[in-house]
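Naming: A, B, ... by sequence-line order, numbering from 1 per chain.
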Amino acid sequence: MSSVIVNTGELFVGQSPAVIESLGIGSCVVVCLYDKSKKTGGLAHIMLPKDDGKDNLSSLVIDGQTQFEPLQPAKYADTGLDQLISKLLNLGSSFSGLTAKIVGGAEMFTIHKNQPETIGSQNVTAVKQKLRETDIKIIFDDTDGNVGRSVKFFLETGVMEIRKKNTYS
Amino acid sequence: MNTYTISPQKLKAFDVLVTAGIKQASPALSKLLCQEVTLTTSSSGVIAPAKLYEQFSHPEEVITAISFRVNNLEGIILLVFPRDQARKFDQTALPEVASILAGLLLRRLSTDAKLPFVHSLPDTTTDMFKAIFDEITANLALVSKNIFILTLELTFEPHHADARLFFLLSSRDIERLFAKL
């Protein structure tokens with residue numbers, strides 16, 4: 001069956017037999033939540049650790065053409081996970097039945113070493129903190145490292161497939 | 001809602017400046033690669049991050065990217081080769097090739113904008129293009145809510161190799177830069 005692609009900053013929730021996919025995850029963190037008993041789940045593709053509330057929609061007019069930035073409900077770990085959980089509960093998921101699988105948070109370059117913590121590491125920390133605060137157990141963790149990843153999340157089984165660059169070489 | 005406008009006149013000025021800077025690279029590249037190298041440029045422009053993903057065939061397309069931070073700017077320069085194109089060069093030479101191009105581009109910008117720009121040491125990675133660009137845009141997003149991406153297509157002869165130069169800048173710095181052109 002065809003899958004739903006979730007791009008950076010986006011999220012999607014659904015139920016079996018839906019398949020959700022995110023491609024080319026670098027420093028971003030993908031969070032997959034699953035309710036085994038209801039076979040419902042969702043995926044959020046987190047880009048940054050924390051919403052500072054300063055985001056404003058902007059349009060770019062380049063050579064007379066307006067280019068709007070897309071809405072990104074899952075851009076930040078804190079507000080994005082709130083939305084993902086809320087949408088899953090609205091879909092009938094049981095809060096106590098939710099478990100999490102997390103992937104990403106890589107460091108693709110070393111030129112940002114002057115920062116105390118890489119953006120990937122900041123994202124992983126923020127996601128884990130938010131899941132701890134909400135008492136959602138992490139049952140699978142493939143984060144950090146320096147390689148890009150793609151994931152495919154099957155809501156029939158809760159299984160997650162991970163592909164890395166070497167799969168293609 | 002903020003609206004940022006880049007006029008056709010500014011785009012043209014940028015194109016002339018960048019093309020002139022990059023075209024000076026052939027002698028240095030010839031010396032580095034020990035053969036006569038001709039570098040041609042085409043199709044420069046400015047795009048929003050949302051349009052970045054249209055520049056590649058698939059998010060998982062594997063590319064080799066050599067990146068540099070730029071002092072005095074919230075900006076990153078990347079020289080990007082599709083994997084099959086990167087293989088046309090001695091891999092150890094790619095960071096030097098990128099350093100030559102980034103150096104000439106910034107020298108030209110420094111002269112015209114009367115601002116001193118210097119790039120960092122090169123950092124090379126080969127991976128899925130989206131994974132690479134997500135980290136670059138995320139790091140810039142920490143310091144600027146709006147990012148512009150300057151692009152320039154390059155062809156190296158006699159290698160028949162295509163590459164693309166990306167210059168990612170915060171909205172504040174692209175305005176600062178374009179105001180000087």
Side-chain angles (χ1 to χ4, degrees), chain A residues 5 7-9 21-29 45-50 52 54-72 75-76 104-115 118-120 122-123 146-150 163-169, chain B residues 1-12 45-53 56 58-63 65-70 76-78 83 119-142 145-150 171 174:
Chain A
I5 304 287
N7 288 314
T8 305
E21 225 174 335
S22 263
L23 307 176
I25 307 154
S27 61
C28 294
V29 174
H45 191 143
I46 309 286
M47 182 186 186
L48 293 168
K50 191 168 170 54
D52 61 8
K54 291 179 184 168
D55 250 359
N56 50 355
L57 278 176
S58 62
S59 62
L60 312 178
V61 182
I62 298 172
D63 204 3
Q65 291 192 324
T66 303
Q67 302 178 9
F68 287 98
E69 290 297 288
L71 288 172
Q72 296 183 309
K75 185 173 181 180
Y76 303 100
E107 180 187 5
M108 308 303 295
F109 290 104
T110 57
I111 55 171
H112 304 292
K113 281 280 190 197
N114 58 333
Q115 296 171 354
T118 66
I119 186 71
Q122 290 179 54
N123 284 334
N146 56 7
V147 65
R149 301 163 168 97
S150 291
R163 300 190 299 277
K164 297 181 182 177
K165 175 191 68 177
N166 291 343
T167 309
Y168 303 94
S169 53
Chain B
M1 180 189 288
N2 290 326
T3 299
Y4 295 92
T5 303
I6 298 177
S7 68
Q9 292 77 15
K10 291 292 183 192
L11 277 180
K12 180 68 181 168
V46 179
I47 56 172
K51 297 282 182 185
L52 182 61
Y53 304 117
F56 295 88
H58 192 273
E60 293 176 314
E61 179 182 342
V62 176
I63 59 169
I66 305 104
S67 71
F68 306 87
R69 275 185 291 110
V70 182
I76 300 280
I77 293 176
L78 286 115
R83 186 166 55 169
H119 62 75
S120 67
L121 291 171
D123 191 356
T124 306
T125 191
T126 298
D127 212 305
M128 302 175 197
F129 108 81
K130 188 173 172 298
I132 289 172
F133 274 92
D134 270 3
E135 178 173 297
I136 297 288
T137 52
N139 272 289
L140 282 174
L142 286 176
K145 295 299 177 194
N146 297 289
I147 300 164
F148 288 85
I149 304 167
L150 314 176
S171 53
I174 199 165

Practice task
Ignoring hydrogens and angles, state whether a donor on the side chain of B/K130 or A/S150 is under 3.5 Å from an acceptor on the partner side chain.
Solution key: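 No, because no side-chain N or O of B/K130 sits under 3.5 Å from a partner of the opposite role on A/S150.
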Handout entry: Part of B/L78 within contact of chain A (heavy atom distance under 4.5 Å)
Key =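 Contact with chain A: side chain only.
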Practice task
Would you check if the side chain of B/E60 reaches a backbone N or O of A/L23 as a donor-acceptor pair within less than 3.5 Å?
Solution key: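 Such a contact is absent between B/E60 side chain and A/L23 backbone.
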Practice task
Output the option from A/L48, A/N146, A/T8 having the highest count of non-hydrogen pairs under 4.5 Å with chain B.
Solution key: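 With the most close heavy-atom pairs to chain B, the winner is A/T8.
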Practice task
Return the set of residues passing side-chain contact (heavy atoms from CB on, under 4.5 Å) with B/E61 (not counting sequence neighbours), or none when no residue passes.
Solution key: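 In terms of side-chain contact (heavy atoms from CB on, under 4.5 Å), with neighbours along the sequence ignored, B/E61 is linked to B/F56, B/S57, B/I63, B/P82.
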Problem - side-chain contact (heavy atoms from CB on, under 4.5 Å) involving A/N123 - partner list, sequence neighbours excluded - result: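 A/V29, A/P49, A/I119.
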Handout entry: Part of A/I25 lying under 4.5 Å from any heavy atom of chain B
Key =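 Backbone only.
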